[in-house]
J.: 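Provided herewith is a single structure, encoded as structure tokens, for subsequent inquiry.
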Number of protein chains: 2
Amino acid sequence: MQALGLFGNIAAAQSLPSLPRNFGSGKSVVVLGAGIAGLTAAYELQQAGYTVHVLEARNRVGGRSWTVRDGDRIVMNGEADQVARFSEGAYFNAGPARIPSFHERLLGYCGKLGVPLEVEINSSRGAYIMGGDGRKQRMRVAINDTRGHIAELLTKAVNQGALDQSLTPEDKAALLPFLKTYGDLDDKGGFKGTLRSGFKTYPDAGVRSFAAPPEAVPLRDLLANEQLPATLFEDNVYMQATMFQPVGGMDRIAAGFQRALKRPVILNADVQRVRNGDRKVEVAFKDTRTGAMRSLSADYMVCTIPFPVLAKVDCDFAPPVAQAIKNVVYDHSNKVAFDAPRFWEKDQIFGGISFVGGDTSLVWYPSAGLFSPRGMLLACYSSGERAARFAQLPIAEQVERARAVVEKLHPGHGGECANGVAVNWNKIPYSLGPWPNWYAGMAGRQEGTIDTDPYRLLNQPAGRVIFAGAALSQTPGWQEGAIQSAHGAVADLANLQRADAVTQPTRIAA
Amino acid sequence: MQALGLFGNIAAAQSLPSLPRNFGSGKSVVVLGAGIAGLTAAYELQQAGYTVHVLEARNRVGGRSWTVRDGDRIVMNGEADQVARFSEGAYFNAGPARIPSFHERLLGYCGKLGVPLEVEINSSRGAYIMGGDGRKQRMRVAINDTRGHIAELLTKAVNQGALDQSLTPEDKAALLPFLKTYGDLDDKGGFKGTLRSGFKTYPDAGVRSFAAPPEAVPLRDLLANEQLPATLFEDNVYMQATMFQPVGGMDRIAAGFQRALKRPVILNADVQRVRNGDRKVEVAFKDTRTGAMRSLSADYMVCTIPFPVLAKVDCDFAPPVAQAIKNVVYDHSNKVAFDAPRFWEKDQIFGGISFVGGDTSLVWYPSAGLFSPRGMLLACYSSGERAARFAQLPIAEQVERARAVVEKLHPGHGGECANGVAVNWNKIPYSLGPWPNWYAGMAGRQEGTIDTDPYRLLNQPAGRVIFAGAALSQTPGWQEGAIQSAHGAVADLANLQRADAVTQPTRIAA
């Protein structure tokens, strides 16, 4: 697989089988859902010779990989429609908005499909952490002053002999000079402030002004900012530089897949009924523009419909599968975005994220269109319980709360944030949530690893139907997970076909 | 001044005076040198109404802000010419190659002059540190495993009560949970490895593979890598995200100034003689293409010629000034660049720097043209004594040594590095070095602050001549310093003119 060959050095499971070009000749597949998983499965099955039809309930492809632009309508269950009014060229990635360097499959498809990428600035030393009391520090101050204090304390402990049971004299001889560099300590091992945290006075030409570091923020004050742990965010492996975004919006990836499909995705196709036969699958769907019912049959189905949506579709899955689908609980996630003049860039913040806690969690500055007059400011991105509560507020209140945080963080600029829009993923038709919480309601939820019985069950073919989507990966919030799942679906489908060939030797090609 | 207004919140000395548009009407200035300082001075003096002539010895503007492209000739004293053979679109910034977010004057000019900028990725968690023994760690491993061990050690010391004289019980209650997050420690305060350092096994779809962190590298092994301090490089305030580069090469800035000058820069003008008269300055220069001598006179001169070059020009400065010029010692700096297929991107390195120590210091990956087939790899950038030694090697040997380090760092790829070129700034005509070392030969050299008698002297007007250049700023290696110095020169020139108006009331305009 070229996409992997271009980027791989991680020992990822090679889940996409290498199928002969005519492996699927004469066989048909219907793919439900044109998000990244559905599009990937459709594309790869097409490459293997299958006849592929893709049904998509929305009037666009991409699923959660959704970019909102001027004039776009945000439809949410139980809310009045919002119509985006953004500056020319501005866009809001309502779903995924960044790609790590190691998401080699997704990056590989971008290369293969001709989707230009640019740097997504996920971390800026000019951004802030702001505590609930409104006190804030620049990232450069929070990171470097904290490290200075920690290096000073550890130097003191080592010099006292407190760690002699852990460190040999040789270890200490190597560690102490490193700690001096680590914390930018003075010759006595003290931390008195560092130029890494910025300038108290700025270097100029001549002797007008010399560089001097700011006073060190006391460790106590740093620890009192409950957002201090957010200084570690940039070292979350999914968040580490270098990160990318498609030029022009995340939906350029889905558009790239769409271009590569021989049969156009059937849009506005609201799936109403699924029948999982011995020899065929059948799907009935309503054209949401005309109300007309249509149906398709195929040898196999790849179903990427989110489980809360699928739970409401008339399907004939075996009872344990049907029950598992009904039991999957989805998380909450919200984003609030504004069109604004780039006041943050005048404050020397170019991309990156300020962490503010609370219901809105962050202020995320755009990496697109740097130095242009206006840009999209993401003033809320949160998930979990706080997101569930926030989504219960009226939309106008959500927007105003996000604006108020911007005002607190960037005094005088909250009012410049125009035309705010809010996306509550649990209200988005055909999504009904951002990703599943597979451990919802279970004791001992294990963060970061998904291994429950329903998850295992739905990761297996149900007759001729194979479920796929980021939801069925270990990284349900990432497009890479959707691709991994789609690759697994292709493998499962190939295995079903091989089994069919054994059990149905006389079967006539459809 | 708009350039400052666009970006400023640092309390920089406001050295550029706000001059009326006709302040310099009827007055003339000759600017020697079309590097960033000379171009800035010329531009600002033009804006204030002066008649400005700029003389430049080279056949291009920009000075050290020099971008080498395919077909360009690298001429160095005592060496055979090198002709660059680079892929289409590839370029090599032989001088400055990055702009910090807080260099607001330079960024302001880029905006004003229409120079598009893009992100310069100065730090990547995928890059390496490599010790002299060839052992290397990814940045993500070096940074996060080091922090893990330090957090573990400090936790241990705090729990032992070793720091009870420095920390109150309340401090400890705040510090300990933070240290757990800081180092990604286990519940007992132990560091056993972290996903921040990458994956031992990779999260996939289904249950094929789960994310697991790599084993922690022992602290002893981390400390044994003498490049470990380079993990702090990204927190040097000049090196912090977000950083920029002009799209297409650093010389786009000089080109922008050139476009904005009403009178074209006089190229190939080798200054031979400077006469500092009571009422006029006179300069004689040779056209290096024809050998013809020409001369110009003007009311004032801004001289940005590097001091080792100026020391060889026939000037009539007062003896202390002439002696100061002769005494300035310049540093050494080298760069070696290759055109190569982007093997580093297949290793998931996109921009950023690997630190390798030794004569070549680093391997710096391009931020331009990400994901394209080929790019420029900077395989040496070093200064100081090691650079002085390296520059004494034959060019072919410099290139081969740089290639050998690439091979050690990226086994199997050294041979893919093609058409290497080396720039030794001390051999570059009309530069003769990258920047001065103002403390050369003095005891007690003070890093980072420049305040010597010669520096102060040359920062003062010498009759009608005002010296300028990054050399006369506190940041002689940065274009911002050149701009600051040029702004100071404009202020000094305005003051000279005001003094002239007092002492020469009957003077006839030139």
Side-chain angles (χ1 to χ4, degrees), chain A residues 7 9-10 12-13 15 101-102 111 117 119 121 123-126 140 144 150 153-154 157 160 162-163 171 174-175 178 181 195-196 202-211 220 223 228-229 232 235 237 240-242 346-348 350-351 371 448-449 451 456 459 472-475 484-485 488, chain B residues 7 9-13 15 101-102 111 117 119 121 123-126 140 144 150 153-154 157 160 162-163 171 174-175 178 181 195-196 202-211 220 223 228-229 232 235 237 240-242 346-348 350-351 371 449 451 456 459 472-475 484-485 488:
Chain A
F7 292 97
N9 77 332
I10 285 176
S15 53
S101 290
F102 65 88
L117 299 170
V119 174
I121 307 163
S123 178
S124 160
R125 286 289 182 270
R140 62 170 59 90
N144 290 296
I150 282 174
L153 286 170
L154 185 55
Q160 286 173 8
L163 293 159
D171 291 337
L175 178 59
F178 175 71
T181 301
L195 272 177
R196 294 173 187 166
Y202 191 69
D204 204 325
V207 292
R208 284 191 291 270
S209 174
F210 296 93
R220 199 168 292 170
L223 291 169
L228 188 62
L232 281 310
D235 275 308
V237 71
Q240 291 176 3
T242 309
K346 292 182 188 165
D347 194 28
Q348 299 177 344
F350 298 90
F371 302 100
T449 304
D451 196 6
R456 283 191 177 252
N459 255 300
L472 291 170
S473 79
Q474 298 290 324
T475 51
Q484 291 173 323
S485 180
Chain B
F7 292 96
N9 77 331
I10 284 177
S15 53
S101 291
F102 65 87
L117 298 170
V119 174
I121 307 162
S123 177
S124 159
R125 286 289 182 270
R140 61 171 59 90
N144 291 296
I150 283 174
L153 286 170
L154 186 54
Q160 286 173 7
L163 293 159
D171 291 337
L175 179 59
F178 176 71
T181 301
L195 272 177
R196 294 172 187 165
Y202 191 69
D204 204 325
V207 292
R208 285 191 292 270
S209 175
F210 296 93
R220 198 167 294 168
L223 291 169
L228 188 62
L232 282 310
D235 275 308
V237 71
Q240 290 176 4
T242 308
K346 292 182 188 166
D347 193 29
Q348 299 176 345
F350 298 90
F371 301 100
T449 304
D451 196 6
R456 283 190 177 251
N459 256 300
L472 291 169
S473 80
Q474 297 290 324
T475 51
Q484 291 173 324
S485 179

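Within every chain, numbering begins at 1; the chains are lettered A, B, ... in the order of the sequence lines, protein sequences first and strands thereafter.
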J.: Using heavy-atom distances under 4.5 Å, tell me whether A/N144 contacts chain B through its side chain, its backbone, both, or neither.
T.: side chain
J.: Drop me the distance from B/L163's CG to B/L175's CG, to the nearest 0.5 angstrom.
T.: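 Between B/L163 CG and B/L175 CG, I get 9.0 Å after rounding to 0.5 Å.
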J.: Taking only residues two or more places apart in sequence or in another chain, which ones pass side chain to side chain donor-acceptor pair (under 3.5 Å) with A/S123?
T.: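 So A/S123 forms a side chain to side chain donor-acceptor pair (under 3.5 Å) with A/E234.
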J.: Among A/S485, A/A211, A/S124, which residue forms the greatest number of heavy-atom pairs with chain B at distances under 4.5 Å?
T.: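 So the answer, after comparing A/S485, A/A211, A/S124, is A/S124.
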J.: I'd like to verify something: which residue of A/T181, A/I150, A/L472 has the highest number of heavy-atom pairs under 4.5 Å with chain B?
T.: A/I150
J.: Heavy-atom distances under 4.5 Å only: say whether A/L117 touches chain B with side chain, backbone, both or neither.
T.: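 A/L117 touches chain B through side-chain heavy atoms alone.
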J.: Identify which of A/G126, A/A174, A/G351 forms the greatest number of heavy-atom pairs closer than 4.5 Å to chain B.
T.: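 Answer, by heavy-atom pair count under 4.5 Å with chain B: A/A174.
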J.: Considering all heavy atoms of both residues, which atom of B/Q160 and which atom of A/A162 are nearest to each other, and what is their separation?
T.: OE1-O, 2.8 Å
J.: List for me each residue that meets side chain to side chain donor-acceptor pair (under 3.5 Å) alongside B/D171, sequence neighbours excluded, and say none if there are none.
T.: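 B/D171 satisfies side chain to side chain donor-acceptor pair (under 3.5 Å) with A/R220, B/T168 only.
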J.: Side chain from CB out, backbone as N, CA, C, O: work out which of these in A/L153 comes under 4.5 Å of a heavy atom of chain B, or both, or neither.
T.: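 Both parts, heavy atoms under 4.5 Å.
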J.: I'd like to know if the side chain of A/Q240 and the backbone of B/R196 have a donor-acceptor N/O pair within less than 3.5 Å.
T.: yes
J.: Flag the one option from A/G206, A/P203, A/A157 with the top tally of heavy-atom pairs under 4.5 Å to chain B.
T.: A/G206
J.: How close do B/S101 and A/Q348 get, heavy atom to heavy atom, and via which atoms?
T.: O-CG, 3.9 Å
J.: Quick one: sort the A/F102 and B/Y202 rings into parallel, tilted or perpendicular, breaks at 30° and 60°.
T.: perpendicular
J.: Flag the one option from B/D235, B/V237, B/T242 with the top tally of heavy-atom pairs under 4.5 Å to chain A.
T.: B/D235
J.: For chain B, which candidate among A/L223, A/T475, A/L195, A/N459 shows the most heavy-atom pairs at distances under 4.5 Å?
T.: A/L223
